[in-house]
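Keep in mind the model is a prediction, meaning the values are calculated, not measured. Whatever order the structure lists ligands and atoms in, that order sets their numbers, starting from 1.
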Amino acid sequence: MANIRFEALQRACEHEPIAVECPSVHASSYFASDVFTRAKMKEYIASGVLEQLFDDVDNGRTIQREIADSVAIGMRKWATEHGATHYTHWFQPLTGGTAEKHDAFFTMTPSPKAQGESHGGMTVMEEFTGDALYQQEPDASSFPNGGIRNTFEARGYSAWDPSSPVFLRGDTLCIPTVFVAYTGEALDYKTPLIRSTAALCKAAREVCQYFDKGVRHVHANLGWEQEYFLVDEALYNARPDLMLTGRTLLGHDSAKSQQLEDHYFGAIPARVLAFMQDLEHEALKAGIPVRTRHNEVAPNQFEMAPVFEEVNLSNDHNLLVMSIMERVAQRHHFRVLLHEKPFAGVNGSGKHCNWSIQTNTGVNLLAPGKNPYQNLQFVTFLVNVLMAVQRHNGLLKASIVSATNEHRLGANEAPPAIISVFLGKQITEVLDKLEHAAADKGIIINAKKEMKLGVANIPEILLDNTDRNRTSPFAFTGNRFEFRAVGSSANCGAAMLALNAAVAEQLTLFKAEVDSRIEKGEPKERALFDVIKKYIVACKPIRFDGNGYSEEWKAEAAKRGLDCETSVPVVIDRYLAPESIEMFRTTSVLSEAELHSRCEVKWETYAKKLQIESRVMGDLVVNHVLPAAKRYQTMLLQNVLAVKQVFPADETASLNEMDYSIIRRIENHSGAILAGVEAMTEARHKANRMPDERSKAVAYHDTVLPLMADIRTHADALELIVDDEVWTLPKYRELLFIH
Ligand code: ADP
Ligand code: MG
């Protein structure tokens, strides 16, 4: 009988590197060729219109409809000149990923005044109006909304985000949009992300006034590092679990996996390199400034990273790159796995989010400056970020948890399930010195600009960013924070909007406190310094430079009052903690109703994902693993009988000893698997009957997940016993080492 695994292996071995034609060795010559950049807009749109548009975009004002009309005409001209026949509003529903519905520029209108050929009284023409650019109504009812539309309004619409440029993908003009209910509630990630950048801009700009009155605008930057696995397409197709859930639900460890640490930064295999080159060309053409590529820790695991950009644009680029990756991988007979934990026992994939805040004057507020004054500003922002992360550590964890990232968190090779901040020796020393600087001698002010900070000696901050700690979920890396707990498949927006909002709230509180001291007569610098000192003490619980994976840290973190919850459905509750609701309300990032709806969607998605996994698990063991085990067991039983026929009776027992032992082990594991599947199915049905989404998710987490783990143990044990020839599922060594 044919074994699909061997057929897949044969096909996989036949896959060769596919040579890629590079447009030019100079990426700068084709960078953003598929994007309607500001420079190109100048060729297609009247200058008066553009000035207004850019001014509105740069100052966060709503675009007027008349402007949209003129812009749409230019956009269509550029797009059709480049082969576009369709356009789509491209948005980010709460399901994750992106959504789009394509409409053709081609249309028919009954209007006799329209220009074009008439067909049975209808005029045929190509059209793209300001209205079509501005707003659309996708069938919102098919996207998750967490009950928002029951509470508010039945319809939702997508609306143009002019701050992120439109781009071409194939024959389609893609327009980045927000997705909201008719009553204004956000149904996506982009809307609250944009709101959070506005809140951060406002709060940070005000704090900047203490240091530089010229600061008019502040924005957050994001540089993501996308980790992923590549698996040969033929092998992937022979693994129903990879196809349907994105991860392997079964599979024994490969004898060799990552122990030798020989993959990380190793030479990139030829077939993978061809994929990466193809991916980079596509990404660069789409205006995504990708720059870094390398092997990651696990076999067949890789990473790509761009140059950082403004957070909303950078996040759009990450979402776009994830879909480009999937498309390009198929051209190379690979499948890309963006799941956080496709393989048990080897490293999972994250998406480190490098985050910083920057002024319109070009100053990175999280980088030490050149003079004492700039350094006081740096310390101000640094300490406020620490306070925000401390105050909202549970919420920040909620912003990164999911059914898929759950397998990565808390395991001993990924960020722990407790949020803490790593600062490194130098910054810790600076904060310690500032904390103990004598109030009277601590700060001496010479003239307006010169300021000495006594023993703190801030001007000498020269950061050595080699001081790294891989076990920290949130690390300061010299001029930015790196939020490492974010999952590889996530929309970074969820984490970024929580961080922006938390820091915005914190900066507002800081300003209020400093101002009230100034009002009471304290000199400004003194007021700033005193509040910073107070914060340095207050934020100690969140600062941790030790090993985040250790058992001692778990105990210590609990003592410090940090959030130590590990169950994803329970962590999601943190969105609804009073301090979270208050923070999102005062920063106008999310209303309480929006928070409730988001949690509903998160719980629902969690339960659904586990439901699918559990069903696939049942199918895998019943229809793949057990039949293979039975086949092998039958072979052994036949052997036992044959031995009995050939050998004298007193010898058969010892000759058959090994067979008996394996037959019994197969029997035991098979029995345990069947019992496990029955218990798991029962648990699933019980969970499905739970009255609300939260308790359903909790039931899946508490009852279904552990049963899946039990079943896996027995199935993986069978994999080790059963004849390799009859095993039908591609094994870890094949999935991880063939490329
Ligand atoms: P690592 O050593 O962490 O791999 P990289 O140099 O690869 O560092 O950078 C990782 C990401 O951090 C890149 O996207 C990079 O552009 C981004 N990055 C660098 N500086 C900043 C900054 N000031 N703010 C935000 N992101 C930044
Ligand atoms: Mg990094």
Peer 1: Ligand 1 versus Asn364, non-hydrogen atoms closer than 4.0 Å: side chain, backbone, both, neither?
Peer 2: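 The part of Asn364 near ligand 1 is the side chain, not the backbone.
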Peer 1: Going by the order shown, which atoms of ligand 1 are within less than 4.0 Å of some heavy atom of Gly223?
Peer 2: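 Answer for ligand 1: 14 (O), 26 (N).
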Peer 1: Whether the Asn500 and Trp355 side chains hold a donor-acceptor pair (N or O, under 3.5 Å, no angle test) is what I'd like checked.
Peer 2: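 Their side chains do contain a donor-acceptor pair, which is all the 3.5 Å distance test asks for.
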Peer 1: Show me which atoms of ligand 1 lie under 4.0 Å from any heavy atom of Pro306.
Peer 2: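 Listed by number with element: 13 (C), 14 (O), 15 (C), 16 (O).
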Peer 1: Using the side chain to side chain donor-acceptor pair (under 3.5 Å) rule, collect all pairs that involve residues 206-220, keeping only residues at least two apart or in two chains.
Peer 2: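 Those involving residues 206-220 are Tyr210-Asp515, His219-Asn221.
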Peer 1: Side chain of Lys285, backbone of Phe31: donor and acceptor closer than 3.5 Å?
Peer 2: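 No; zero donor-acceptor contacts below 3.5 Å.
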Peer 1: Which option wins on minimum heavy-atom distance to atom 9 (O) of ligand 1: Glu482, Arg291, Arg480?
Peer 2: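 Residue with the shortest heavy-atom distance to the ligand atom: Arg480.
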Peer 1: Among Phe179, Trp160, Phe167, which residue satisfies the ring-ring contact (aromatic ring centres under 6.0 Å, His included) criterion with Trp90?
Peer 2: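 The residue from Phe179, Trp160, Phe167 that satisfies ring-ring contact (aromatic ring centres under 6.0 Å, His included) with Trp90 turns out to be Phe167.
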Peer 1: So which bit of Glu225 gets within less than 4.0 Å of ligand 1, heavy atoms only: side chain, backbone, both or neither?
Peer 2: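 For Glu225, only side-chain atoms sit under 4.0 Å from ligand 1.
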Peer 1: Compute both the distance and the angle, then confirm whether Arg598 meets the cation-pi test with Tyr575: under 6.0 Å from the six-membered ring centre, within 45 degrees of the axis.
Peer 2: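 Pair Arg598/Tyr575 does not count as cation-pi.
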Peer 1: Test your reading of the structure: does Ser356 have an N or O sitting under 3.5 Å from an N or O of ligand 1?
Peer 2: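 Yes; the residue has a nitrogen or oxygen that sits under 3.5 Å from a nitrogen or oxygen of the ligand.
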Peer 1: Does any N or O atom in Asn354 lie less than 3.5 angstrom from one in ligand 1, N or O only?
Peer 2: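 Yes, Asn354 has an N/O under 3.5 Å of an N/O on ligand 1.
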Peer 1: Does an N or O from Val307, backbone or side chain, lie closer than 3.5 Å to an N or O of ligand 1?
Peer 2: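 No, since none of the N or O atoms of Val307 sits under 3.5 Å from an N or O of ligand 1.
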Peer 1: Suppose the criterion is side chain to side chain donor-acceptor pair (under 3.5 Å): which pairs have a residue in residues 266-284, not counting sequence neighbours?
Peer 2: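 Listed once each, the pairs are Asp232-Arg271, Asp278-Arg331, Asp278-His332, Glu280-Arg293, Glu282-Arg331.
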